[in-house]
Structure formats: structure tokens, C-alpha cells
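All figures in this text were calculated on a predicted structure; none of them were measured in a lab. These values consider heavy atoms only, across backbone and side chains, with no hydrogens, waters or symmetry-generated copies. This chain uses plain numbering: 1 for the first residue, then up along the sequence.
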Amino acid sequence: FQGWQGVVHGGIVAALLDEVGIYACRARGEQFVTAELNVKYRTPVPANAMIQLDAELVSQKRKIFMVAARLSVDGKVLAEATSKVFSLDR
């Protein structure tokens, strides 16, 4: 999962932030897809570090959910994302 030696590839970081964003919506339904994902890479993520992922539902308008997600190591945010998530539930 490395890009440069010892650093997690940015695509992996984005995938993790995307996934945790979907999980933040799961209390409101079963099936979701990401419509938009904006990632801010603050600092490289060390490949050997224990990471923490968290996300919160910021708002909902009908079937569109806005989510904020963070990836941190030792309490320091290394990457964050905002996403627009669409519910496929009827």
C-alpha cells in the first residue's frame, strides 16, 4: 500500500476516507454510493503507523448526505475529506 517507501499511497488514503464516510451514513440506510469525494492531504501517512479513521454525517437533504472524514495518527490529522453520498435505498 506504499507510494514512496514508508509512505501510504494517496489512493489508499482516499479509499479509506471514502469507506469510512459511507459507514457514517449506514445508520440512515443500507445502500450508498459516493457521488463526490474531496481529499486534503495534510502530511504523508507513515506505512507502519496505527491510524484512526472517523467520519460524521454533516447534513442530509432527501437522498443526498454530506459527510466529513478524518485520518489521524496519534491524534494528529494527516488527511481529511468531504464527500457527497447518495442513498440508493427506496
Side-chain angles (χ1 to χ4, degrees):
F1 302 117
Q2 295 183 91
W4 292 99
Q5 186 174 357
V7 176
V8 178
H9 188 284
I12 300 299
V13 171
L16 290 169
L17 291 166
D18 178 34
E19 191 68 18
V20 75
I22 293 292
Y23 276 89
C25 298
R26 292 294 306 272
R28 304 278 177 104
E30 290 292 320
Q31 295 182 325
F32 298 91
V33 292
T34 302
E36 186 177 306
L37 178 69
N38 296 296
V39 180
K40 292 184 181 178
Y41 300 95
R42 300 288 181 202
T43 188
V45 178
N48 62 348
M50 179 70 73
I51 64 169
Q52 178 176 335
L53 293 159
D54 62 271
E56 62 184 317
L57 182 59
V58 175
S59 66
Q60 177 186 357
K61 188 172 183 180
R62 297 185 185 201
K63 291 186 161 222
I64 303 292
F65 296 76
M66 299 304 293
V67 178
R70 288 159 299 285
L71 182 152
S72 26
V73 173
D74 295 329
K76 180 180 177 187
V77 176
L78 305 186
E80 55 192 330
T82 56
S83 58
K84 185 184 294 186
V85 177
F86 183 75
S87 172
L88 298 176
D89 292 336
R90 295 183 182 259

What's the spacing between [X] [atom1] and [Y] [atom2] if we round to 0.5 Å?
{"X": "Thr34", "Y": "Leu17", "atom1": "OG1", "atom2": "CG", "value": "11.0 Å"}
{"X": "Leu78", "Y": "Leu71", "atom1": "CG", "atom2": "CG", "value": "6.0 Å"}
{"X": "Ser83", "Y": "Glu36", "atom1": "OG", "atom2": "CD", "value": "9.0 Å"}

Ring center gap for Phe32 and Phe86 short of 6.0 angstrom: no

Close side-chain approach of Lys84 and Phe65, heavy atoms under 4.5 Å: no

Side-chain touch Val58/Val67, heavy atoms, less than 4.5 angstrom: no

Please tell me whether [X] and [Y] are part of a single hydrophobic cluster in this structure, the criterion being side-chain heavy atoms less than 4.5 Å apart.
{"X": "Ile22", "Y": "Val39", "value": "no"}
{"X": "Tyr23", "Y": "Ile12", "value": "no"}
{"X": "Val85", "Y": "Leu57", "value": "yes"}
{"X": "Leu37", "Y": "Tyr41", "value": "yes"}
{"X": "Ile64", "Y": "Leu88", "value": "yes"}

Let me check something: any side-chain donor-acceptor pairs from residues 44-55 under 3.5 Å, sequence neighbours excluded? List them with distances.
{"residue": "Asp54", "atom": "OD2", "partner": "Arg70", "partner atom": "NE", "Å": "2.9"}
{"residue": "Asp54", "atom": "OD2", "partner": "Arg70", "partner atom": "NH2", "Å": "2.5"}

Over 12 foreign heavy atoms within 6.0 Å of NZ, Lys63: yes

Exceeds 12 heavy-atom contacts within 6.0 angstrom, atom CG of Asp89: yes

Arg62 backbone acceptor or donor facing Gln60 side chain under 3.5 Å: yes

Residue list, salt bridge (charged side-chain N to carboxylate O under 4.0 Å, His left out) with Glu19, at least two apart or on another chain: none

Heavy-atom closest contact (Glu80 atom, Val77 atom, distance): CB-CG1, 4.4 Å

Exercise: identify the closest heavy-atom pair between Arg26 and Glu30: NH2-OE1, 3.2 Å

